[in-house]
Visitor: 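Below you'll find the structure I mean.
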Amino acid sequence: MSHLHLELPAPPPLPEGALRVFALGGLGEVGRNMTVFEYGGKLLIVDCGVLFPDEHHPGVDLILPDFEPIRDRLDDIVAIVLTHGHEDHIGGVPYLLRERDTIPVVGSELTLALVAPKLREHKLKEVPKHTVTEGEVLELGPFSCEFVAVNHSIPDALAVAITTPAGVALHTGDFKMDQLPLDGRITDLRAFARLGEAGVDLFLTDSTNADVPGFTTPERDITPAIDAVFARSNQRIIVASFASHVHRVQQVLDAAAKHGRKVAYVGRSMVRNMQIARDLGYLKVPDGVVVDRIDAAPPHKMVLMSTGSQGEPMAALSRMANNSHQQVQLEPGDTVLLASSLIPGNENAVYRVIDGLTKLGATVVHKGNALVHVSGHASAGELLYCYNIVKPSNVMPVHGEIRHLHANGALATKTGVPNVLLAEDGYVVDLVDGHASITGAFDCGYVYVDGSSVGDISDSDLKDRRVLGEEGFISAVVVIDSTTGKIVSGPEIHARGLAEDDSVFDSIVPKIVRSLEDALSEGTRDTRQLQQIVRRTLGSFAGRKLRRRPMILPIVLEA
Ligand SMILES: [Zn+2]
Ligand SMILES: [Zn+2]
């Protein structure tokens, strides 16, 4: 197994006839998936998603893949191929297209339908779109792409086999191997086997559940648990799930029909996506079940199908949990069903929401206390199956945090895969004469979207925001007379988020005055140096007396 290199050189020139693969996101996090394939001077992009921020990213709306390594090569991109319509695979598409709006976007019918409103929002009218289905082969520059049906927690997901003269790379996208899925569309293992028989040189596989033993529970196994929730609720039921989980919504609609309830969608993306899914025939709505208004029936006859299952602060469920939703006020006795997984990183936010809902008197049913959700990703057993069927010569685990990538690599090794590449974002994997190796790395960071600005906030800005939020803020203003070297006024100290009132600083003021006067008497007049003295004195005081490391803004002015 190739080990992670901490210090990698810049990538060497790509040898002629070789295939290069690198991810600009998705290796080391569950989110912002984006993989670049390079052959003969052309680039093919598979997926371009977003990562949702957590409490470490105050004020950030979205986190994008880092386009910098391909920014001067936008004209070489032959297409963006999308494996499926989840945000961690399509959310970044408009941001890449804003840099060149003529890149063709290729994906299944549902995937492209979910991308379309994003392109409209960003006023990207000219983007060429190409719909593909499983079994189809599409030539995109030097890349011959064959699309293979895979089963996942959204309909119409595809794996893609990319053939170039350098060999065949098979990218699973997100997948699992539910053998009795609700829509009957299983992962096409026959195609995997056929491709494997012909020879797969590089197999890129979904690592999300690689550390979960066994097999992912079939979707239909959760129907009884959902049914039980409906049977015992005698007030309003609120179900939260991903706004793209068509099959889960289908199960809720069916349960509602069975128990004589109406369903109203809550949350902009839920309303929009379910309309799309219904129009395209992926969602079958029982007659009369879906209503427009949340009060279309009495509470014990209503189900609200809502967004916000990951604790996203602005989504409908979080607002309900802190009683700030404009239309929905929870009543004691209401039932909230979280039909969703817990994406790594979202744990605190989700449990905060569950606590808020519980405090309001709701009964919260979630995957921790009932079988109301199954994952959309293959567990270890399924991955082992795939390695044995495909028999690839090189494996590159994708889609996961570091521990998931490692677990997945270990599974491949166990089945006898001779070469496993544990790459991170920016690492360059070159396939030369059938052998893949890590040859270098691009600098690859996080790109933050904050309101309408993209990439304007840096990691150090975020650190400032965290310090402000968690450790508080102190300002100190001192006015000096630079001719006499005397303090004219101050230090005047104000603090936020540290202590009840500013009088706690009274005891440190004489010390600041003394240190400043010492420096002034030694002839120091540089205000930056004087500010540094104020900062140090206040900083050690806050650390010692208040056990905090606040942001300190010293201002020394000359009279
Ligand atoms: Zn997915
Ligand atoms: Zn994904």
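Throughout, residue positions are numbered sequentially from 1 according to the sequence presented. Each ligand, and each atom within it, is numbered from 1 in the order the structure gives. Side chains are part of it too, since the values below use all heavy atoms of this structure and drop only hydrogens, waters and symmetry mates.
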Visitor: Hey, is R272 close enough to E121 for a salt bridge, meaning N to O under 4.0 Å?
Guide: yes
Visitor: State the atom name: nearest N, O or S atom of H399 to the Zn ion (ligand 2).
Guide: NE2
Visitor: Is the ring pair H86/F242 parallel, tilted or perpendicular, if the boundaries are 30 and 60 degrees?
Guide: tilted
Visitor: For S375 and N209, does a side-chain donor sit closer than 3.5 Å to a side-chain acceptor?
Guide: yes
Visitor: Can you classify the ring geometry of F143 versus Y39 as parallel (below 30°), tilted (30 to 60°) or perpendicular (above 60°)?
Guide: perpendicular
Visitor: When you measure from the Zn ion (ligand 1) to each N, O or S atom of H86, which atom gives the shortest distance?
Guide: ND1
Visitor: Looking only at N, O or S atoms in D174, which is nearest to the Zn ion (ligand 1)?
Guide: OD2
Visitor: As a test of understanding, state which of D425, D66, D47 forms a side chain to side chain donor-acceptor pair (under 3.5 Å) with R32.
Guide: D425
Visitor: N/O/S of H377 less than 2.8 Å from the Zn ion (ligand 1)?
Guide: no
Visitor: Closer than 2.8 Å to the Zn ion (ligand 1), do we get an N, O or S atom from H89, backbone or side chain?
Guide: no
Visitor: Under 2.8 Å from the Zn ion (ligand 1), can any N, O or S atom of D88 be found?
Guide: no
